[in-house]
Amino acid sequence: MALLSKKDTNLILDPLADNNPITIQVLGICSALAITAELQASLVMALSVIFVLGVGNVVISLMRNIIPSKIRIIVQLVVIATLVIIVDQVLKAFAYELSKTLSVFVGLIITNCIIMGRFEAFALGNNVWRSFLDGIGNALGYGVILIIVGFFRELLGSGTLFGIKVLGDPVTKTGLYATGYENNGFMIIPPAALIVVGIIIWVQRSKNRTLIEEN
Amino acid sequence: MLEHIELFFRSIFIDNMVFAVFLGMCSYLAVSKKVATAVGLGAAVIFVLAVTVPLNWLLDQYILRDGALAWLGPEYADYNLSFLSFIMFIATIATMVQLVEIVVEKFSPALYNSLGIFLPLIAVNCAILGGSLFMQSREIETLGLALNYGVSSGIGWFLAILAIAAIREKIRYSNVPAPLRGLGITFIITGLMGIGFQSFGGMLTGGDEAAPAPEETTVKAEDEKEKKKKEEIDEKAVSYNDVINK
């Protein structure tokens with residue numbers, strides 16, 4: 001590959017599995033859990049983070065030689081906050097209902113540890129192209145977990161995906177509901193997200209035993 | 001007075017920062033291995049929330065919200081700067097944290113030694129910004145209530161991290177399945193604690209605000225017996241979300 005060397009490809013692929021920001025690095029949990037009751041909200045949140053982290057990493061990487069290290073935190077916060085304001089205003093303009101569902105959690109992308117973490121750990125010390133790939137990779141790793149959690153919570157909790165009734169109608173008892181299937185209301189409540197993420201971690205670490213922590 | 005008490009208990013138990021809205025999870029998971037450090041971080045969070053929420057309330061009330069600039073003169077009355085609130089809030093928080101750090105270091109070295117390392121961490125703790133954003137979106141009315149909200153949600157966060165740290169100290173002696181060790185089991189325990197904390201939601205139905213919603217449910221359920229179960233669950237989730245959004 002001319003565009004992506006092997007090293008560069010790893011920048012994108014590593015965070016998707018073995019160095020996932022949520023399940024391994026434990027970053028960005030805050031916003032990951034609260035908005036995953038529906039697949040659509042998870043998807044929008046994932047896209048917002050991809051935008052903020054991709055662009056943010058590029059901006060920080062461009063400025064890495066002129067930021068005095070003493071005030072870098074506040075410079076980083078200003079860059080993130082500006083990007084998040086853009087996302088927030090775009091959502092309010094084009095997807096008002098959705099921005100109501102996400103409520104303050106769009107704003108909380110600012111304090112999403114993934115973003116500060118990648119700025120500190122990567123963008124401040126690497127060139128623009130590599131920082132961009134790293135940003136996209138980590139945001140994708142975050143998005144993948146969000147979408148998996150959103151998928152299971154919406155499917156098991158309300159029997160829908162993107163609001164479409166894929167399991168039949170629970171009221172008129174069609175589809176799967178005709179056989180006596182019931183929605184699991186437990187999946188809608190917020191703490192269920194934690195348990196789903198816990199199970200994802202369990203599955204991932206059983207597959208790759210090098211990730212297992214000491215007790 | 002009554003509204004102060006209601007807000008106090010609601011922020012600690014019903015809208016608990018960790019269990020109901022998942023704020024400050026990163027440091028919650030990372031710094032909860034020992035009770036002693038958890039207490040230090042928890043105290044720092046209470047302290048910073050108590051300072052930043054009232055400050056951001058003033059900022060919101062007199063600079064940011066629709067028509068807030070009216071005190072400058074009638075020609076400023078239709079300015080709406082609320083789109084700037086993210087950047088203003090985070091700037092306030094970052095500077096306040098820095099300021100608090102300097103002041104504490106100067107006047108109370110003992111406190112600085114116990115809180116010191118946690119203070120810079122706190123600038124990027126979602127619970128702090130979340131406190132200010134929820135304060136804004138729930139339209140808290142007075143400065144006193146804002147202070148109350150800051151302190152009580154800080155206490156809620158403190159309780160949560162104290163509880164999980166105590167559990168994690170004990171669980172070290174149990175036989176957890178290897179892939180679940182560490183992070184995995186912490187997630188699941190937090191989830192179970194969250195479900196436990198949900199039961200505090202029942203405290204609300206005693207008040208007059210939440211009363212209409214369950215009434216509606218029962219009327220509906222009588223009409224459509226088949227839908228009953230699902231409807232109740234949905235309604236609960238909806239009214240619960242309403243409470244959060246408030």
Side-chain angles (χ1 to χ4, degrees), chain A residues 23-24 26-34 37 73-74 77-78 80-82 84-85 88-89 92 100 103-108 110-113 116 158 170-171 173 182-183 185-186 188-207 209 211-215, chain B residues 19-26 28-30 83-87 89-91 94-95 120 123-130 133-134 136-137 171-172 174 176-188 190-195 197-198 224 226-227 229-230 233-234 236-237 240 244-245:
Chain A
T23 60
I24 309 296
V26 208
L27 296 174
I29 318 276
C30 328
S31 52
L33 299 171
I73 302 267
I74 203 134
L77 282 175
V78 170
I80 304 171
T82 315
V84 170
I85 289 174
D88 186 49
Q89 297 291 317
K92 274 191 181 137
K100 280 282 162 218
S103 72
V104 302
F105 291 98
V106 177
L108 288 172
I110 298 173
T111 49
N112 191 322
C113 337
M116 288 290 278
S158 7
V171 182
K173 299 278 179 209
E182 290 275 354
N183 281 328
F186 171 73
I188 301 173
I189 63 172
L194 284 163
I195 292 173
V196 175
V197 175
I199 293 169
I200 293 174
I201 293 174
W202 191 356
V203 171
Q204 190 189 11
R205 291 184 184 186
S206 326
K207 293 258 178 218
R209 303 193 78 88
L211 299 172
I212 291 174
E213 290 173 53
E214 286 187 24
N215 210 357
Chain B
F19 299 127
V21 280
F22 305 117
L23 295 182
M25 288 298 284
C26 310
Y28 170 85
L29 292 168
F83 68 94
L84 283 177
S85 44
F86 294 157
I87 208 161
F89 285 176
I90 198 72
T95 34
V124 286
N125 187 328
C126 337
I128 309 292
L129 182 64
L133 291 177
F134 273 118
Q136 189 189 33
S137 72
I171 216 164
R172 211 167 297 148
S174 343
V176 180
L180 263 181
R181 272 180 205 151
L183 191 59
I185 195 74
T186 312
F187 265 98
I188 291 177
T190 312
L192 295 176
M193 284 162 80
I195 294 169
F197 262 70
Q198 289 241 305
E224 306 159 49
E226 283 191 352
K227 272 174 83 178
K229 241 186 187 170
K230 189 190 173 294
I233 291 164
D234 280 359
K236 246 185 214 164
Y240 187 74
I244 288 182
N245 290 336

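Proteins get letters first, then strands, A, B, ... in listed order; numbering begins at 1 in each. Since we're looking at a predicted model, the values are computed, not measured.
The candidate from I200(A), V197(A), V203(A) with the greatest count of non-hydrogen atom pairs under 4.5 Å with chain B is V197(A).
From I87(B), atom CD1 reaches atom CD1 of I85(A) across 4.5 Å, with rounding to the nearest 0.5 Å. For the atom pair CG of L77(A) and CZ of F86(B), the computed distance is 13.5 Å after rounding to the nearest 0.5 Å. Atom CG of L194(A) and atom CE of M193(B) lie 10.5 Å apart (nearest 0.5 Å). Note that CD1 of I195(A) and CD1 of I188(B) are 7.0 Å apart. Values are rounded to the nearest 0.5 Å.
Inter-residue side-chain proximity for F186(A) and I195(B) is flagged as met; some heavy-atom pair is nearer than 4.5 Å. Side-chain contact between L180(B) and R205(A) is absent, with no heavy-atom pair separated by less than 4.5 Å.
Heavy atoms of L29(B) lying under 4.5 Å from chain A belong exclusively to its side chain.
Shown here for P191(A) and G194(B), the closest heavy-atom pair between the two residues is CG-C, 3.5 Å.
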